[in-house]
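Notes follow the structure.
Order of the sequence lines fixes the chain letters, A, B, ..., with proteins taken first and strands second; residue numbering starts at 1 for each chain.
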Amino acid sequence: MPELPEVETTCAGIRPAILNNQISSLVIRNYNFRWPIAPELPVLIQDMKVHEVYRRAKYIVLLLSQGSLILHLGMSGSLRVLDSNIPLKKHDHIDINFIDGTCLRLNDPRRFGAVIYTTEPIDQHKLFQHLGPEPLSQSFDAEYLTSYCRIKNQNIKSVIMNAQIVVGVGNIYANEALFLAGIHPETPAKSLTTKQASELCNQIKLVLITAIKQGGTTLKDFSSPDGKPGYFSQQLKVYGRKGLPCVNCQTLLQEVRIQNRSTVFCAACQRQQSENN
DNA sequence: AACGGCACCTGGTCGC
DNA sequence: TGCGACCAGGTGCCGT
C-alpha cells in the first residue's frame, strides 16, 4: 500500500492530533511485526510528549521527550486517529493512547511494518544511515542522478528504486515516472543521456507531488487517517494497466518483471535506446 | 563489492 | 462453491 505519498498523507493526517500531545499508554496486541516489538516499549514511552512528527523516506518518526518512535507501514499498514473507545477491527495491532482520549491505531494485516524506539539521533540509526536523499529535495537533481547512473551496472528502474540512491520511489511511482519520462524500464542506467536523467528526475518529483496533492494512491483499502481515500489511482497511466491501450498512443501496454516486481510500460513511448550517449 | 533473490505475512483474485 | 496457486504497494539480509 504505502509509498511516499501515502506515508506523507498519513503523516499530515496524524500530526494535528498527536503533536504536543502526551502518551498515556501503549497497547500491543501483536508483537510479531517485521522485527518483534520490544516488550518494554509501553514502559519506555509512557508519559512522553510528541514534539515532532515527520517523514523520512517511508518512515514516520515521532520525536518524543526522550528518543524517537519510528513507524513503518510496510506493504499493508495504516494509521487511524480515533477515540480510544472505538471498537477494534481485524488486524488493529497497536494503540498509542493519549491523555486527551485520542488514540493512534495501527492496523497492518501482513505485519511487514515496524515499530521501533531509539534514543539515537535518527540519522545515525541503522535503518537511516544509508538512506539517499529525499526525492523532493534539491539534492536530488539531474547531476546527482547521472552520477549514480554512470557507476551502476543495473537497469534504470532498479536504480531509482534503490533507497541508497534516492528514497521513497516505490514500484507504482517508478513505473509512472519512467513512462512520463519516456524511458524504457530495462534501459541500462549507464546508457541514459544527461537529458534523459534530467527528465526522469523531474518526472519523479512531479508524479510524487501530484500524488501527494491527491492524497496518495488508493489501491485495495488504503485510506488516510481520517478515512478518506486517495485519488491518484485514477491518474495512473501504466501501473496496473497491462494489456490496456497506452493513454498516449493506444499501443497495448506490456509487462516485464524487474527484481520480481511488476513493471508495465509502453514499448512505443518508452523505446529501448540502441545508441549510447 | 555488487547484485539477485528470499523472507517476512495475510488476503484477494483467478483458473480449474 | 471450493480449493490451490499465485500475486500484491517494502526492504533488510543472505548467498553468490
Side-chain angles (χ1 to χ4, degrees), chain A residues 1-11 29-37 55-60 70-79 89-94 106-116 118 125-132 135 148-178 185-186 188-190 204 207-208 211-212 214-224 229-243 255-264:
Chain A
M1 166 230 300
E3 293 206 37
L4 186 142
E6 290 72 33
V7 179
E8 185 68 36
T9 301
T10 297
C11 213
R29 300 181 195 86
N30 194 331
Y31 290 81
N32 192 18
F33 277 68
R34 167 137 206 202
W35 298 285
I37 294 178
R55 177 191 61 73
R56 169 75 175 114
K58 289 169 193 161
Y59 295 95
I60 294 169
I70 302 167
L71 306 175
H72 196 289
L73 302 177
M75 295 256 276
S76 59
S78 61
L79 285 166
K89 293 184 180 173
K90 200 174 180 184
H91 307 301
D92 278 344
H93 300 308
I94 293 178
L106 174 66
N107 183 287
D108 187 357
R110 291 171 74 179
R111 285 180 277 121
F112 284 5
V115 180
I116 296 164
T118 179
H125 190 275
K126 193 172 84 169
L127 295 175
F128 286 67
Q129 60 184 351
H130 298 299
L131 293 180
Y148 264 104
C149 285
R150 290 217 182 97
I151 60 169
K152 286 284 174 184
N153 289 311
Q154 281 178 304
N155 59 68
I156 187 59
K157 188 187 181 216
S158 300
V159 168
I160 60 173
M161 288 184 71
N162 181 342
Q164 296 197 21
I165 297 174
V166 58
V167 301
V169 182
N171 196 39
I172 295 178
Y173 298 110
N175 276 288
E176 295 300 309
L178 285 163
E186 290 174 310
K190 276 183 175 154
I204 287 171
V207 75
L208 291 173
I212 290 168
Q214 309 257 329
T217 303
T218 297
L219 297 172
K220 304 241 158 52
D221 54 1
F222 173 77
S223 66
S224 57
Y231 292 97
F232 190 74
S233 46
Q234 299 167 14
Q235 294 189 25
L236 295 174
K237 295 192 163 59
V238 286
Y239 181 83
R241 297 195 67 244
K242 173 193 175 186
E255 181 183 50
V256 289
R257 299 198 77 81
I258 294 178
Q259 292 185 319
N260 214 21
R261 312 300 287 264
S262 165
T263 305
V264 187

Sugar-phosphate, base or nothing in reach of N32(A), heavy atoms under 4.0 Å: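 Counting heavy atoms under 4.0 Å across all strands, the contact made by N32(A) is with sugar-phosphate only.
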
Touch class at under 4.0 angstrom, heavy-atom based, for S262(A) against every strand present: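 Contact class for S262(A): sugar-phosphate only.
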
From [options], nucleotide with atom closest to [X] side chain:
{"X": "I172(A)", "options": "dC9(B), dG9(C), dT10(B)", "answer": "dG9(C)"}
{"X": "R34(A)", "options": "dT10(B), dG9(C), dG10(C)", "answer": "dG10(C)"}
{"X": "Q154(A)", "options": "dG4(B), dG12(C), dT10(B)", "answer": "dG4(B)"}
{"X": "H91(A)", "options": "dC3(B), dT10(B), dG10(C)", "answer": "dT10(B)"}

List, with names and distances, any nitrogen or oxygen atoms from the protein found under 3.5 Å away from nitrogen or oxygen atoms belonging to nucleotides 14-16 of chain C.
none

Identified side-chain hydrogen bond (donor to acceptor under 3.5 Å, both in side chains) counterpart of T263(A) within the set E255(A), K157(A), K242(A):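 Going through the options one by one, the only one that passes is K157(A).
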
Side-chain-base donor-acceptor pair under 3.5 Å for R261(A) and dA8(C):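 Flag unset: no donor-acceptor pair detected.
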
dC9(B) base / R111(A) side chain donor-acceptor hit below 3.5 Å: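 A donor-acceptor contact between them is absent.
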
Within this structure, what is the [atom1]-to-[atom2] distance between [X] and [N], rounded to whole angstrom?
{"X": "I258(A)", "N": "dG4(B)", "atom1": "CD1", "atom2": "P", "answer": "10 Å"}
{"X": "Q164(A)", "N": "dG10(C)", "atom1": "CD", "atom2": "C1'", "answer": "15 Å"}
{"X": "I116(A)", "N": "dG12(C)", "atom1": "CD1", "atom2": "P", "answer": "10 Å"}
{"X": "Q259(A)", "N": "dG12(C)", "atom1": "CD", "atom2": "P", "answer": "13 Å"}
{"X": "R257(A)", "N": "dC7(C)", "atom1": "CZ", "atom2": "C1'", "answer": "8 Å"}
{"X": "M75(A)", "N": "dG12(C)", "atom1": "CE", "atom2": "P", "answer": "14 Å"}
{"X": "R110(A)", "N": "dA7(B)", "atom1": "CZ", "atom2": "C1'", "answer": "11 Å"}
{"X": "H130(A)", "N": "dG12(C)", "atom1": "NE2", "atom2": "C1'", "answer": "11 Å"}

F112(A) over dT11(C), stacked by centroid distance under 5.5 Å, angle under 30°: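 By the stated criterion, F112(A) and dT11(C) do not stack.
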
Whether F33(A) and H93(A) hold their rings parallel, tilted or perpendicular, with breakpoints at 30° and 60°: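 If you compare the ring of F33(A) with that of H93(A), the planes turn out perpendicular.
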
Residue pair K152(A), I165(A): steps toward the side-chain contact (heavy atoms from CB on, under 4.5 Å) verdict: CA-CA 11 Å; K152(A) 286 284 174 184; I165(A) 297 174; 3.9 Å; yes

Of K126(A) and K58(A), the one whose closest DNA chain C nucleotide lies more 5':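 First, find each residue's nearest nucleotide; the 5'-ward one identifies K58(A).
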
